[in-house]
Amino acid sequence: MSRYNFKITEGQWQKNWEETRCFNVKEDDTLPKYYVLEMFPYPSGRIHMGHVRNYTLGDVVARYKKAKGFNVLHPMGWDAFGLPAENAAIANKVLPAVWTKENINTMRQQLKSMGFSYDWDREIATCDPDYFVHEQRMFIDFIKAGIAYRKKSWVNWDPQENTVLANEQVIDGRGWRSNALVEKKELTQWFLKISDFGDELLESIKSLGRWPDRVKTMQENWIGRSEGMRIEFNIVNSKDKIEVFSTRADTLFGASFCAIAANHPIAIELGQNNDRLAGFISKCNSLGTSEAQIETAEKEGFDTGLRVNHPIIDDKTIPVFIANFVLIEYGTGAIFGCPAHDQRDLDFARKYDLEVVPVVAPEDADLNDFNIDKIAYTGNGVHINSGFLNGTSIDEAKEIMAQTLEKNGSGKREVTYRLRDWGISRQRYWGCPIPIINCTECGPVPVPDEQLPILLPEDINFDDPGNPLENHATWKKVDCPECGQPALRETDTFDTFFESSWYFARFCSPTSPDGLIKNNVNYWLPVDQYIGGVEHAVLHLLYSRFFTRALNKCGYIDLKEPFSGLVTQGMICHETYKNADGQWLFPDEVVNKGGDKFINQLDGQDVIRGRSEKMSKSKKNVVDPEIIISDYGADTARLFMLSDSPPDRDLDWTESGVEGAWKYINKLWRMVDAPKNNLLHEMIEEPKTLDIEMLEIKQKIHQTIQLVGSDIERFHFNKAIARVRELTNILDSVDAEQSNNSWIYQEGCKTIIRLLNPIIPHITEELWKKLGYETFLAETPWPEHDPSLLTKDNVVIGVQVNGKNRGQIELPKDCDQSLAESLGLNLEGVIRAVANKKIKKIIYVTNRILNVVV
RNA sequence: GCGGACGUGGCGGAACUGGUAGACGCGCAGCGUUGAGGUCGCUGUCCUCGCAAGAGGGUGGAAGUUCGAGUCUUCUCGUCCGCACCA
């Protein structure tokens with residue numbers, strides 16, 4: 001018996017698959033297609049465990065579907081533009097293009113060593129001009145179709161570095177490198193009109209059958225359609241008015257103030273003559289651009305001194321505040337506050353000592369006793385203190401109020417969305433150049449098609465602050481394509497979500513100079529199974545859904561929904577370690593001395609073990625996949641990734657779990673390779689009759705085939721593995737050398753090998769070969785189960801007394817109640833539990849349970 | 001702050017539409033095998049009490065619906081993810 005040498009075997013099979021082009025595909029109308037796609041990686045340098053998990057999940061599906069007879073497209077590529085390449089350029093003086101290319105080469109090798117079944121001929125990198133030339137064309141078509149437009153919007157501005165900062169580069173309101181206070185700056189930027197598609201994107205969520213509900217809910221909430229009213233408040237002693245949007249016009253009688261955003265035109269105007277107000281506005285602006293920051297900041301307001309007339313109550317006026325929690329992007333950038341029924345408004349009213357008038361009370365409330373203190377009442381109820389609305393429900397009141405406001409001309413019904421248009425301009429070098437030339441005479445002019453692609457210049461330096469494209473001496477200087485006068489290129493590049501919004505379509509015709517080819521796209525799309533992290537649940541997935549519709553509108557493709565099935569995977573976690581000084585330690589710097597005792601391998605000092613957290617470089621709780629691959633092999637890594645946790649949950653990476661997977665692989669090898677078993681190169685005939693024990697094993701084999709198949713279909717890989725292990729344990733206890741057993745033993749081993757092939761492809765190929773087969777397991781059809789072997793004649797059910805388990809009885813399948821009762825009531829445990837008590841009722845559920853109620 | 005999830009032995013997790021909670025694996029314990037080289041095999045293992053038969057308790061917590069709740073309902077606590085320029 002030989003030891004399993006995974007190093008040789010895994011490399012050999014990877015070579016075999018590659019040389020035979022086993023996983024390269026073509027369109028073939030005679031076969032059903034299946035497109036498996038995992039979210040492509042950003043080439044950050046080396047693959048991490050999150051990649052390994054993501055791509056293992058996809059590979060199981062791809063290999064399984066291939067075995068099930070599908071024509072499987074399973075491609076891989078690189079989301080190659082992005083900020084880290086620029087950071088590397090600044091830190092290490094490497095060109096982003098060079099850095100990225102090197103990373104891709106490393107990571108490609110790493111992925112190959114995992115044995116993933118990619119069609120590498122379809123590899124794409126988004127920083128390749130052959131890729132991004134098409135999105136430059138798309139963008140120009142978007143302009144023509146009215147999907148792309150320019151407007152002003154705010155960015156985080158680092159005044160010291162003269163750079164726009166990403167949200168993650170702003171730490172506590174300061175630039176991450178300069179530590180300078182970040183300002184907000186308004187720039188003219190390009191946007192895509194995703195809001196035009198809001199209703200469609202919302203409606204169509206219903207059609208996404210194989211998407212997780214939580215992702216669908218998150219997208220619905222993100223789009224945030226709300227029906228309400230636009231209401232006018234006239235400013236006292238002025239012709240101007242403030243328009244607010246509200247979904248609770250029914251609470252208008254309780255309005256005690258209006259609040260407008262700091263960037264609201266009225267606020268800006270007032271600020272020009274009022275230094276204190278200008279100071280407040282700039283304080284609001286320093287809050288940053290992220291919604292989380294704005295919403296968690298303490299609610300503050302500034303009384304403008306203006307008052308507005310209440311649109312319903314004749315001689316009532318209410319004050320106008322500027323408030324830091326009112327967003328200019330949402331609704332009209334102004335609200336009316338009804339403190340009694342909105343917690344945020346209530347907090348605000350208490351802080352600034354504003355009136356609180358309850359206008360809705362719970363139906364059973366004692367009105368003399370109903371008042372609002374610190375908790376707003378947001379529930380259902382009946383209107384009070386509301387003039388003509390008194391006594392009505394919230395829904396009735398909304399309708400009556402809508403009619404009233406429409407009649408007197410101070411309001412109209414409106415639907416608004418939380419969803420904002422997608423800003424795609426980035427003031428960065430390492431991205432796809434926006435193909436526009438700005439001419440003082442002609443305005444923004446699209447670059448003529450024959451001049452595409454617009455390439456990035458390579459003679460750049462990152463020493464000067466700001467965008468290298470902007471700083472470049474000559475790159476931006478061109479003549480206007482329309483009037484011929486000197487003009488300037490756009491020096492902004494696309495948001496990198498632009499590239500990832502259509503790459504799945506590019507994989508269908510990855511090398512075509514004509515971009516997306518309808519025949520190919522129509523054959524392969526939609527993606528049947530898309531797999532990636534939950535962190536993309538909203539943005540990437542929503543942008544891709546929108547982009548697909550935009551491409552459809554411009555005639556590029558025929559479909560509207562790009563991903564018919566989606567699985568989102570959880571994160572990889574690992575224990576954290578700190579030394580006494582509170583510094584983080586890498587797992588391989590730490591040794592477990594048994595139990596809870598951990599020491600630092602270098603200095604022998606005690607190490608504090610922390611709880612398991614998401615693997616991150618900052619906490620050093622990372623394990624490099626390459627070490628696992630070289631120590632245990634790809635199959636072990638793959639098996640462990642799938643064994644314990646279901647894909648959508650977080651996975652704890654543990655050394656002992658890896659050991660467990662490793663032991664199983666070696667056990668499998670021994671079971672097939674043990675020389676006495678006559679398994680090698682000798683097909684054993686199935687005996688004409690099987691004794692009862694062997695028949696039961698045969699049934700178990702077929703049950704396992706059936707269950708593993710359905711488990712894989714439903715992404716229950718951990719269960720599939722558990723079932724195969726069960727079968728392995730049963731088979732392992734069979735004395736294979738006994739001649740009446742050898743057939744079932746061989747049959748069982750073959751089944752296990754075939755069922756595990758998508759999960760651990762290398763060792764199973766090798767064992768398959770050892771069993772005498774000459775064709776690849778990767779090209780062998782999935783085993784089929786015999787339905788007649790799935791059911792047993794008898795069932796064991798539980799017998800309960802008052803819902804408490806008191807014993808089991810074995811019954812013929814589907815037997816009737818009288819037999820079950822007669823057996824069940826005579827069980828010792830049941831007799832004891834019933835004792836002298838009177839039997840009230842007996843509940844019998846066929847094949848499930850017998851419950852005696854006393 | 002808003003939105004979305006998750007919570008079951010010492011640990012990762014099973015439990016299909018409410019029907020014997022703890023499959024499978026890890027760890028641990030005992031026994032055996034091996035003893036140059038990541039051992040291997042068998043048995044046991046939810047907790048408490050008991051030598052045992054058995055009894056009682058048990059799915060973050062509290063309440064509810066039901067003959068029966070890990071699963072359904074309400075409240076509550078804890079942890080995590082997203083929030084539009086990280087990808």
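Numbers restart at 1 for each chain; the letters A, B, ... are given by sequence-line order, proteins then strands. In this text the structure is predicted, and so the values were computed from the model without any measurement.
A donor-acceptor pair shorter than 3.5 Å cannot be found between the side chains of A:Thr496 and A:Arg426. In this structure, a donor-acceptor pair under 3.5 Å is absent between the side chains of A:Trp176 and A:Asp158.
When each of A:Asn221 and A:Pro646 is assigned the nucleotide of RNA chain B bearing its nearest heavy atom, the one mapping closer to the 5' terminus is A:Asn221. Toward the 5′ end of RNA chain B lies the nearest nucleotide of A:Lys299, the other residue of the pair A:Lys299 and A:Gly660 mapping further downstream.
For the pair A:Ile721 CD1 and B:rA14 P, the computed distance is 12 Å after rounding to whole Å. A:Asp644 has its CG atom 14 Å from the P atom of B:rA23, to the nearest Å. When the C1' atom of B:rU20 is taken as reference, atom CD1 of A:Ile797 falls 10 Å away, rounded to whole Å. Rounded to whole Å, atom P of B:rG38 lies 9 Å from atom CH2 of A:Trp662. Remark: P of B:rG27 and CZ of A:Phe640 are 12 Å apart, rounded to the nearest angstrom. When the P atom of B:rG38 is taken as reference, atom CD1 of A:Ile628 falls 17 Å away, rounded to whole Å. Put simply, CG on A:Asn666 is 10 Å from P on B:rG38, counting in whole angstrom units. In this structure, the CD atom of A:Gln569 is 19 Å from the P atom of B:rA5, given to the nearest Å.
Classification of A:Arg714 and A:Asp711 as a salt-bridged pair holds, one side-chain N sitting under 4.0 Å from a carboxylate O.
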With sugar-phosphate taken as primed atoms, P, OP1 and OP2 and all else as base, the protein-contact string of nucleotides 45-55 of chain B at under 4.0 Å (heavy atoms; B, S, -) is ---------SS

Once base and sugar-phosphate atoms are separated, protein heavy atoms under 4.0 Å mark nucleotides 64-87 of chain B, 5' to 3', with B, S and - as ---BS----------SSSSBBBSB

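Rounded to a whole angstrom, the distance from the P atom of B:rC75 to that of B:rA29 is 46 Å. Spacing between B:rG30 and B:rA21 at atom C1', rounded to whole Å, works out to 27 Å. Comparing B:rU65 with B:rA15, their P atoms sit 29 Å apart, to the nearest whole Å. Taking the C1' atoms as reference points, B:rG64 lies 40 Å from B:rC28, given to the whole Å. Taking the P atoms as reference points, B:rA69 lies 15 Å from B:rG61, given to the whole Å. Atom P of B:rG27 sits at a distance of 34 Å from the matching atom of B:rG78, rounded to the whole Å. Look at the P atom in both B:rG41 and B:rC24: the space between them is 15 Å, to the nearest Å. When the C1' atom is used for both B:rG22 and B:rG13, the distance is 10 Å, rounded to whole Å.
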Derivation of the salt bridge (Lys or Arg N to Asp or Glu O under 4.0 Å) call for A:Glu726 and A:Lys719 = CA-CA 10 Å; A:Glu726 251 180 288; A:Lys719 283 159 69 182; over 6 Å; no

Practice task
Dump the intermediate steps for salt bridge (Lys or Arg N to Asp or Glu O under 4.0 Å) on A:Glu329 and A:Arg418, then the final yes or no.
Solution key: CA-CA 9 Å; A:Glu329 291 94 351; A:Arg418 207 185 76 96; over 6 Å; no

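Nearest to the side-chain atoms of A:Ser645 among the listed nucleotides B:rG38, B:rC24, B:rG12 stands B:rG12. Closest approach to the A:Glu295 side chain among B:rG41, B:rG1, B:rA23 is made by B:rG1 (side chain taken as heavy atoms from C-beta onward).
The CE atom of A:Met107 lies 9.0 Å from the CE atom of A:Met76; values are rounded to the nearest 0.5 Å.
Taking only side-chain nitrogens and oxygens, A:Asn729 never comes nearer than 4.0 Å to OP1 or OP2 of B:rC24. Neither OP1 nor OP2 of B:rU20 sits under 4.0 Å from any side-chain N or O of A:Lys804.
Relative ring orientation between A:Phe717 and A:Phe715 is described as tilted, the plane-to-plane angle lying within the 30° to 60° band. By the 30° and 60° cut-offs, the orientation of the rings of A:Phe497 relative to A:His536 is perpendicular.
The side-chain hydrogen bond (donor to acceptor under 3.5 Å, both in side chains) contacts involving residues 839-848 of chain A comprise A:Asp814-A:Asn847, where partners must be two or more places apart or lie in separate chains.
For the pair A:Lys299 and A:Phe348, the cation does not sit on the ring face, since its NZ or CZ is not both under 6.0 Å from the ring centre and inside 45° of the axis.
Across A:Tyr42, A:Trp430, A:Tyr429, A:Phe494, a single residue satisfies ring-ring contact (aromatic ring centres under 6.0 Å, His included) together with A:Phe81, and that is A:Trp430. The side chain to side chain donor-acceptor pair (under 3.5 Å) test with A:Gln427 is passed by exactly one of A:Asn467, A:Asp492, A:Asn162: A:Asp492.
Under the 4.5 Å side-chain criterion, counting only non-hydrogen atoms from C-beta, A:Leu566 is in contact with A:Val215.
Base orientation of B:rG9: syn (glycosidic angle within 90° of 0).
Scored by the ring-ring contact (aromatic ring centres under 6.0 Å, His included) test, A:Trp662 finds A:Phe6, A:Tyr632 as partners (sequence neighbours excluded). Judged as a salt bridge (charged side-chain N to carboxylate O under 4.0 Å, His left out), and not counting sequence neighbours, A:Lys7 has no contacts. A search for ring-ring contact (aromatic ring centres under 6.0 Å, His included) contacts involving A:Tyr4 returns A:Trp669, not counting sequence neighbours. A:Asp732 pairs by the salt bridge (charged side-chain N to carboxylate O under 4.0 Å, His left out) definition with A:Lys667, not counting sequence neighbours. By the salt bridge (charged side-chain N to carboxylate O under 4.0 Å, His left out) test, A:Arg248 pairs with A:Asp250, sequence neighbours left out. Listed by chain and residue number, nothing satisfies the salt bridge (charged side-chain N to carboxylate O under 4.0 Å, His left out) test with A:Glu86 (two or more places apart in sequence, or in another chain).
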Which atom pairs link the protein and nucleotides 15-17 of chain B when you take only N or O atoms and keep those under 3.5 Å?
unit_1 : atom_1 : unit_2   : atom_2 : d
B:rA15 : OP1    : A:Lys719 : NZ     : 2.2
B:rU17 : O4     : A:Arg848 : NH2    : 2.4

Between protein and nucleic acid, restricted to nucleotides 32-35 of chain B and to nitrogen or oxygen atoms under 3.5 Å apart, what atom pairs and distances do you find?
none

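In RNA chain B, runs of at least 3 consecutive Watson-Crick or G-U pairs, each pair with both distances below 3.5 Å, span B:1-7 with B:77-83, B:10-12 with B:24-26, B:27-32 with B:40-45, B:46-49 with B:54-57, B:60-64 with B:72-76.
No engagement by A:Phe325 is indicated, since no non-hydrogen atom pair under 4.0 Å with the nucleic acid exists. No engagement by A:Lys840 is indicated, since no non-hydrogen atom pair under 4.0 Å with the nucleic acid exists.
Judged by distance alone, with hydrogens and angles left aside, A:Tyr664 brings no side-chain donor or acceptor close enough to the base of B:rG25 to form a pair under 3.5 Å.
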